[in-house]
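Within every chain, numbering begins at 1; the chains are lettered A, B, ... in the order of the sequence lines, protein sequences first and strands thereafter. This one's a predicted model, so the numbers in the text were calculated from it and none came from an experiment.
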Number of protein chains: 4
Amino acid sequence: MDRGRLEAFSDGVFAVAITLLALNLTIAGPGHGTLAHQIGQHWPGYLAYLISFFTIGIIWVNHHSLVSNVAEVTRLLLFLNLVLLLFVVLVPVATGTVADYLGHGGFDAKLAVALYGVVLFGMSVGFGCIAEWSLKAGRTLAPVPPDRRWTARLRFMAGGVVYLAIIGLAFISAPGALGLSGLVALYYVFERTPAVGRAPGSQDADA
Amino acid sequence: MDRGRLEAFSDGVFAVAITLLALNLTIAGPGHGTLAHQIGQHWPGYLAYLISFFTIGIIWVNHHSLVSNVAEVTRLLLFLNLVLLLFVVLVPVATGTVADYLGHGGFDAKLAVALYGVVLFGMSVGFGCIAEWSLKAGRTLAPVPPDRRWTARLRFMAGGVVYLAIIGLAFISAPGALGLSGLVALYYVFERTPAVGRAPGSQDADA
Amino acid sequence: MDRGRLEAFSDGVFAVAITLLALNLTIAGPGHGTLAHQIGQHWPGYLAYLISFFTIGIIWVNHHSLVSNVAEVTRLLLFLNLVLLLFVVLVPVATGTVADYLGHGGFDAKLAVALYGVVLFGMSVGFGCIAEWSLKAGRTLAPVPPDRRWTARLRFMAGGVVYLAIIGLAFISAPGALGLSGLVALYYVFERTPAVGRAPGSQDADA
Amino acid sequence: MDRGRLEAFSDGVFAVAITLLALNLTIAGPGHGTLAHQIGQHWPGYLAYLISFFTIGIIWVNHHSLVSNVAEVTRLLLFLNLVLLLFVVLVPVATGTVADYLGHGGFDAKLAVALYGVVLFGMSVGFGCIAEWSLKAGRTLAPVPPDRRWTARLRFMAGGVVYLAIIGLAFISAPGALGLSGLVALYYVFERTPAVGRAPGSQDADA
């Protein structure tokens with residue numbers, strides 16, 4: 001399989017998932033209080049939408065960086081990619097659950113954010129598996145030198161560790177844990193993508 | 001990143017968003033009055049559907065014109081593109097809110113159209129950011145000459161100004177403001193796309 | 001604009017619309033009678049699903065034949081294509097309305113099938129506009145000779161005429177009109193696609 | 001038609017179907033018991049989601065192997081592909097029905113799993129038709145030698161036979177039949193894709 005179709009399928013899944021996110025913001029319609037009141041109560045939904053949108057967006061950007069450097073698409077890579085997508089498509093549902101429960105507070109709000117953290121953690125693990133796969137010699141066009149592999153690993157594992165912390169933090173403070181996941185997204189928007197699997201001299205993902 | 005994957009992902013999002021628009025027209029089914037009556041009451045939905053469909057369609061056409069001229073896809077461009085898509089995926093929800101509230105009149109109808117204007121304005125700003133980005137020397141295959149940059153800017157900023165006016169106008173007349181957004185779409189259907197970032201001699205988007 | 005992105009966007013819309021069709025078949029869940037009973041009452045939904053699926057499928061097959069022969073994608077073609085897609089995305093909603101109302105009989109069933117006919121007719125007109133556009137000299141890689149243009153026109157207009165008849169027939173017999181739209185789909189599955197815009201010697205769409 | 005557009009359309013349908021699967025996991029929201037309770041009751045949904053996700057994923061992987069080897073895309077192949085997709089888009093609905101009914105037990109749970117088996121069987125038949133089509137001389141870049149055709153046939157027919165058994169088994173044990181469909185998916189994750197239509201020396205789908 002060439003990279004083209006792996007990318008096309010993944011892009012399709014990313015595109016559908018990112019668009020379905022917005023459906024969580026649907027207003028119930030007349031007969032459920034004034035529109036202004038409904039929108040006011042929806043604030044956790046808007047916040048969760050923003051965080052999830054940019055989280056998926058960033059994963060998409062980094063997914064491309066990784067895949068564009070792959071020398072040969074193997075069956076194993078396809079299944080690792082499916083593991084990543086398994087969690088990507090769960091993001092709209094997990095975001096909707098946060099939107100529904102965060103405003104109500106209590107244990108349900110905490111559990112909703114913890115589940116959101118589980119989905120983001122799963123996505124991070126799926127991405128990490130692809131990155132780990134790509135470290136082995138001969139699998140990428142521009143291999144990561146052996147002495148820099150642990151640095152690379154630390155970089156793509158960092159997100160996973162933070163998401164793991166978010167799962168625990170959710171039970172102490174649901175808004176705090178959600179805010180932290182927003183900071184992770186914000187960090188990756190302004191930070192450079194990890195250099196894992198970047199071709200030397202490649203400028204393709206730099207501002 | 002090559003243009004191909006940026007386009008594939010964006011096309012996916014545009015395609016899903018434009019298809020989800022139609023779901024707002026779903027009929028409630030037997031037990032909610034006669035079908036003719038339900039359809040008669042749905043008129044704001046059909047109007048809003050038409051306007052949103054062609055608005056997204058036009059943004060898609062112009063998005064391609066811009067992106068096909070990009071010399072190199074950078075990380076910054078990817079995130080500007082995400083800002084555009086952030087608002088594109090909100091169009092189905094905002095259209096559905098207009099469809100639900102316009103027929104009921106009152107402040108809710110005005111607020112619904114104003115929110116619709118906010119989403120279209122955001123989309124316009126997102127597009128303007130990409131266009132502005134493309135003006136800097138070396139970023140496009142066919143650069144806009146420095147003395148024509150302000151003309152180009154005025155052209156892609158005009159839509160944003162009208163959408164800003166629509167947000168205010170909505171609080172005076174909701175149907176009037178919605179109609180004006182329809183005129184913007186109609187204008188761009190019959191008018192040529194702004195020449196920002198068009199390769200000289202390129203005929204690719206002319207009739 | 002090259003053909004690639006016109007095709008990618010259209011394929012996205014076709015793919016989403018054809019997948020959303022199946023959502024009309026969603027079962028209401030426990031508490032609405034036995035599952036067997038619910039499925040038994042859904043028969044108009046299954047029939048309408050089958051007809052719509054193959055109708056969209058055929059339009060997709062013929063859309064490709066036409067577009068693959070286009071010499072240059074112009075702005076006018078993009079907007080004619082949007083008109084086609086405007087009706088394609090309405091098919092899931094129109095199919096759902098038929099599924100909901102056909103079993104109830106009466107005027108609502110007739111109106112539902114008539115509306116379904118309107119959407120298929122609109123799709124046919126949109127397709128016919130693209131085909132008509134392609135007949136003008138210089139617009140296709142393999143032009144249709146002037147003396148064969150009326151034959152070509154008759155072929156792509158035939159479907160529209162039948163769909164127009166279906167709209168009228170719906171008010172006499174809703175199941176009969178739905179059945180006729182199924183026969184149109186069946187006819188095009190087994191018949192060759194019209195030769196409009198086919199490159200000479202091209203075998204690409206033949207069995 | 002070149003392979004590119006057949007793949008793009010199919011990938012779009014696979015991507016939308018696999019993403020819609022997750023919507024079955026949507027939580028009803030506050031007022032339907034605690035979140036923990038709702039999630040606990042959703043277990044058949046999570047199980048069915050996992051099985052369906054990997055089943056569609058595997059069909060997608062094998063679909064690519066087959067199509068990438070096709071010498072010429074014919075009209076017949078396009079319609080065989082539509083038959084496959086007809087069942088692919090039914091998977092989310094069938095999965096949702098299993099999720100809704102499995103926990104309730106009784107005949108409805110058995111019928112839900114049997115219907116799920118029917119959809120997977122249909123998908124398997126659709127795939128088998130494409131594989132059978134590809135066996136005829138001249139249709140693939142790397143033809144299967146005549147003496148190995150029956151071996152190839154047995155391999156791609158095996159899945160269909162198991163799915164047929166699942167339909168029957170569902171009426172004896174619904175969870176057992178669902179579990180067996182999970183084992184089929186698991187088997188294909190770890191097993192190599194059938195060699196039907198693989199180019200000699202091709203490594204593209206191997207780990």
Engineer: So C/I18 and D/L85, do their side chains get closer than 4.5 Å, heavy atoms only?
Structural biologist: no
Engineer: Hey, could you give me the NE2/CG distance between D/H104 and C/L35, rounded to the nearest 0.5 Å?
Structural biologist: 11.5 Å
Engineer: For the CG atom of D/L115 and the CD1 atom of C/I39, what is their distance to the nearest 0.5 Å?
Structural biologist: 4.5 Å
Engineer: What closest approach, in Å, do D/D108 and C/A36 show between heavy atoms, and which atom pair accounts for it?
Structural biologist: OD1-N, 4.4 Å
Engineer: For chain C, which candidate among D/D100, D/L23, D/L82 shows the most heavy-atom pairs at distances under 4.5 Å?
Structural biologist: D/L82
Engineer: Side chains of D/V89 and C/L21, heavy atoms from C-beta outward: is any pair under 4.5 Å?
Structural biologist: no
Engineer: Please determine, among C/I27, C/L20, C/V16, C/L50, the option with the most heavy-atom pairs under 4.5 Å with chain D.
Structural biologist: C/I27
Engineer: Taking CH2 in D/W150 as the centre, count heavy atoms belonging to other residues, nucleotides or ligands within less than 6.0 Å. Is the count above 12?
Structural biologist: no
Engineer: Please tell me if the side chains of C/Y49 and D/V93 come closer than 4.5 Å, counting only heavy atoms from C-beta onward.
Structural biologist: no
Engineer: Any idea which heavy atoms bring D/G12 and C/A15 closest together, and the distance?
Structural biologist: C-CB, 3.7 Å
Engineer: Identify which part of D/A94 has an atom lying under 4.5 Å from any heavy atom of chain C, answering side chain, backbone, both or neither.
Structural biologist: neither
Engineer: Are D/R5 and C/S10 side-chain neighbours, meaning at least one heavy-atom pair lies under 4.5 Å?
Structural biologist: yes
Engineer: At a heavy-atom separation under 4.5 Å, does C/F53 approach chain D through its side chain, its backbone, both, or neither?
Structural biologist: side chain
Engineer: Determine which pairs satisfy salt bridge (Lys or Arg N to Asp or Glu O under 4.0 Å) with at least one residue from residues 31-46 of chain C, sequence neighbours left out, and list them in order.
Structural biologist: none
Engineer: Counting only non-hydrogen atoms closer than 4.5 Å, does C/H37 touch chain D with its backbone (N, CA, C, O), its side chain (CB onward), both, or neither?
Structural biologist: neither
Engineer: Check the orientation of C/W60 and D/F9. Use parallel for under 30°, tilted for 30 to 60°, and perpendicular for over 60°.
Structural biologist: parallel
Engineer: Less than 4.5 Å apart, side chain to side chain, heavy atoms only: is that true for D/F107 and C/T34?
Structural biologist: no
